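What you are looking at is a predicted structure, and each value in this text was computed from that prediction instead of being measured. Residue numbering restarts at 1 for every chain, and letters A, B, ... go by the order of the sequence lines.
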There are 2 protein chains.
Amino acid sequence: MLPRKIADSTVRRLAIYLRFLEEFQRQGQATVASDALAQRAGTTSAQVRKDLSFFGSFGTRGLGYDVVPLADRLREILGLGHRHRVAIIGAGRLAAALVDYTGFSARGFEIVAVVDRDPARIGAVLAGLTIEDVADLEHVVRRGEVEIAILVTPAGPAQALVDRLVAVGITAILNFAPVQLQVPEGVDVKNVNLAVELETLSYALSARAAT
Amino acid sequence: MLPRKIADSTVRRLAIYLRFLEEFQRQGQATVASDALAQRAGTTSAQVRKDLSFFGSFGTRGLGYDVVPLADRLREILGLGHRHRVAIIGAGRLAAALVDYTGFSARGFEIVAVVDRDPARIGAVLAGLTIEDVADLEHVVRRGEVEIAILVTPAGPAQALVDRLVAVGITAILNFAPVQLQVPEGVDVKNVNLAVELETLSYALSARAAT
DNA sequence: CCTCGCTCGTGAAACCTTTCACAAATGCTC
DNA sequence: GAGCATTTGTGAAAGGTTTCACGAGCGAGG
Ligand SMILES: NC(=O)c1ccc[n+]([C@@H]2O[C@H](COP(=O)([O-])OP(=O)(O)OC[C@H]3O[C@@H](n4cnc5c(N)ncnc54)[C@H](O)[C@@H]3O)[C@@H](O)[C@H]2O)c1
Ligand SMILES: NC(=O)c1ccc[n+]([C@@H]2O[C@H](COP(=O)([O-])OP(=O)(O)OC[C@H]3O[C@@H](n4cnc5c(N)ncnc54)[C@H](O)[C@@H]3O)[C@@H](O)[C@H]2O)c1
């Protein structure tokens with residue numbers, strides 16, 4: 001059903017198209033042209049059509065795409081057909097922001113557990129979730145049928161925690177710690193490294209200054 | 001001094017190399033081979049050498065790179081020679097995590113101001129900074145000699161805020177709001193879209209399941 | 001001071017992604 | 001139901017990034 005190998009850049013754009021399709025749907029638009037999607041997503045119409053063409057052809061020539069069926073299909077492609085269960089590792093400041101955020105649940109990601117190592121935090125309640133002991137990580141993951149882990153601990157313990165997560169069968173990890181995690185084949189890690197983002201902005205600033 | 005056009009992917013890797021060079025320096029290593037850097041950064045030695053070669057040649061054949069001079073050069077390339085002054089727009093939950101984080105200051109990014117629209121928050125103190133009124137945005141940016149803005153408001157007001165930031169001369173923006181911002185030539189926006197990250201993980205999960 | 005082993009620097013090749021351009025197909029109008 | 005305006009789907013071209021492979025240069029050690 002899914003083609004062999006889809007570029008990460010394509011998948012990201014599909015997620016962005018989906019967001020705009022949902023907006024069109026709320027506005028009651030029945031169809032949308034590749035060009036309209038492209039403008040909002042900051043790309044080109046050819047790019048939109050190419051991205052979609054990897055998965056089949058669901059447009060109508062002369063008209064565009066039917067908003068609702070295309071959104072459904074994108075949700076299916078992205079694996080958003082069912083809600084995903086997420087655990088947060090490390091109950092610090094970032095965790096507090098993530099747990100409180102309603103946008104994830106709205107998009108099908110349910111935070112079902114938060115763990116920490118600090119005895120002072122274990123037992124506290126964060127947005128309705130009791131913080132549990134990281135010692136029970138394996139149990140928490142299994143009980144919650146967790147599919148995705150968000151790692152928001154300091155860099156030090158990150159690799160060891162990932163090893164444990166992989167060992168209990170987690171294959172999708174969103175990592176905020178500024179380290180390069182080693183994982184076996186078949187496990188996916190996405191890194192969010194805010195310091196690197198700021199440093200690329202710094203580069204852009206000084207590249208412009210040099211001109 | 002800086003070459004024509006450097007790929008974003010290269011700049012990101014340079015930032016990552018720098019992190020490991022600093023680690024090597026703390027460990028007292030004097031030189032490092034491209035292969036050692038590559039392994040830690042999760043890339044190849046050829047990639048490391050190519051990335052560095054865009055900016056000159058600072059290695060010693062047979063030996064590798066001198067850790068300290070290379071780190072200095074990377075800092076220079078990335079524009080980290082001076083500290084950058086950062087303003088945070090929107091004093092919400094993410095802002096709280098960012099302001100509290102000591103890692104940014106350690107890497108040369110100084111948060112000098114936080115603004116919000118909510119009268120209930122204006123005047124409150126967040127990690128030593130008094131939250132100011134977004135109505136005074138222009139004044140705050142000028143007074144603080146702000147170079148970089150971090151946008152952590154809801155999506156709704158984001159574009160209008162960016163327009164104001166651009167108008168007071170900001171050319172580097174880190175955006176967390178899930179919108180595609182329109183900016184003129186010469187302004188750089190980096191987007192951090194956590195929902196998209198989770199959705200690409202969801203795609204990876206279902207692509208694997210389909211195999 | 002010569003040789004050897006090592007690792008850099010770099011064109012060329014391979015690979016991947018985006019853009020182009022146009023035939024094909026559709027809906028709408030008359 | 002023919003003609004027209006429109007927009008898709010897609011090979012081919014262009015453009016960009018990564019990998020390859022090897023000559024060049026350096027330090028060490030005898
Ligand atoms: N806060 C930010 O703005 C920010 C920005 C960039 C990067 N980061 C990175 O994100 C990560 C989290 O940041 P934060 O600000 O939330 O940090 P934090 O210090 O507020 O929270 C980290 C939490 O992890 C817990 N922890 C430590 N070791 C653990 C272990 N072995 N198992 C389970 N929990 C453990 C700590 O008890 C703490 O509660 C860090 O790696 C940081 O470098 C944060
Ligand atoms: N918290 C998360 O984990 C998370 C995850 C993904 C994306 N985001 C995005 O990041 C952004 C911030 O998230 P958050 O959780 O901190 O939100 P939040 O609601 O906690 O904070 C937003 C703040 O912006 C302020 N604000 C609103 N309009 C403003 C204006 N015109 N000028 C200045 N300030 C204004 C609000 O008063 C509030 O204090 C949102 O766009 C959100 O979608 C957040």
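In this structure, A:Q180 and A:Q159 approach most closely via the heavy-atom pair O-OE1, 4.2 Å.
At a threshold of 4.0 angstrom between heavy atoms, the contacts of A:F54 with the nucleic acid are absent.
Ring geometry for B:H82 against B:H84 counts as tilted: the plane angle lies between 30° and 60°, on a 0 to 90° scale.
Mapping A:G62 and A:G56 onto DNA chain D by nearest heavy atom places A:G62 at the nucleotide closer to the 5' end. Positionally, the nearest nucleotide of DNA chain C for A:I6 lies more toward the 5' end than for the other of A:T60 and A:I6.
Side-chain contact between A:I148 and A:F109 is present, with at least one heavy-atom pair separated by less than 4.5 Å. A heavy-atom distance below 4.5 Å is found between the side chains of A:R107 and A:L18. In this structure the side chain of B:L37 never reaches within 4.5 angstrom of the side chain of B:T43, judged on heavy atoms.
With a heavy-atom cut-off of 4.0 Å to chain B, the contacted part of DNA chain D has its first and last nucleotide at D:dT17 to D:dC26. Close approach of DNA chain C to chain B, defined as any atom under 4.0 Å from a non-hydrogen atom of the protein, starts and stops at C:dC6 to C:dA12.
Under the salt bridge (charged side-chain N to carboxylate O under 4.0 Å, His left out) criterion, A:D136 pairs with no residue at all, not counting sequence neighbours. For the salt bridge (charged side-chain N to carboxylate O under 4.0 Å, His left out) test, residues two or more places apart in sequence or in another chain that qualify with A:R83 are A:E110.
Side-chain N or O atoms of A:S202 include one that pairs as donor or acceptor with a backbone N or O of B:L78 at under 3.5 Å. Between the A:T200 side chain and the A:E197 main chain, a donor and an acceptor come within less than 3.5 Å of each other. Put simply, the side chain of A:R208 gets close to the backbone of B:T171: a donor and an acceptor are under 3.5 Å apart.
A salt bridge does not link A:D66 to A:R73: none of the charged side-chain nitrogens sits closer than 4.0 Å to a carboxylate oxygen.
Near-neighbour residues of DNA chain C inside residues 27-52 of chain A, defined by a heavy atom below 4.0 Å, number-ordered: A:T44, A:A46, A:Q47, A:R49, A:K50.
Comparing the start and finish of the helix from C:dC1-D:dG30 to C:dC30-D:dG1, five pairs each, the helix axis swings through 10°, to the nearest 10 degrees.
Here the CG atom belonging to A:L194 is positioned 6.5 Å from the CG atom belonging to B:L98, to the nearest 0.5 angstrom. Note that CG of B:L14 is 5.5 Å distant from CG of B:L74, once rounded to the nearest 0.5 Å.
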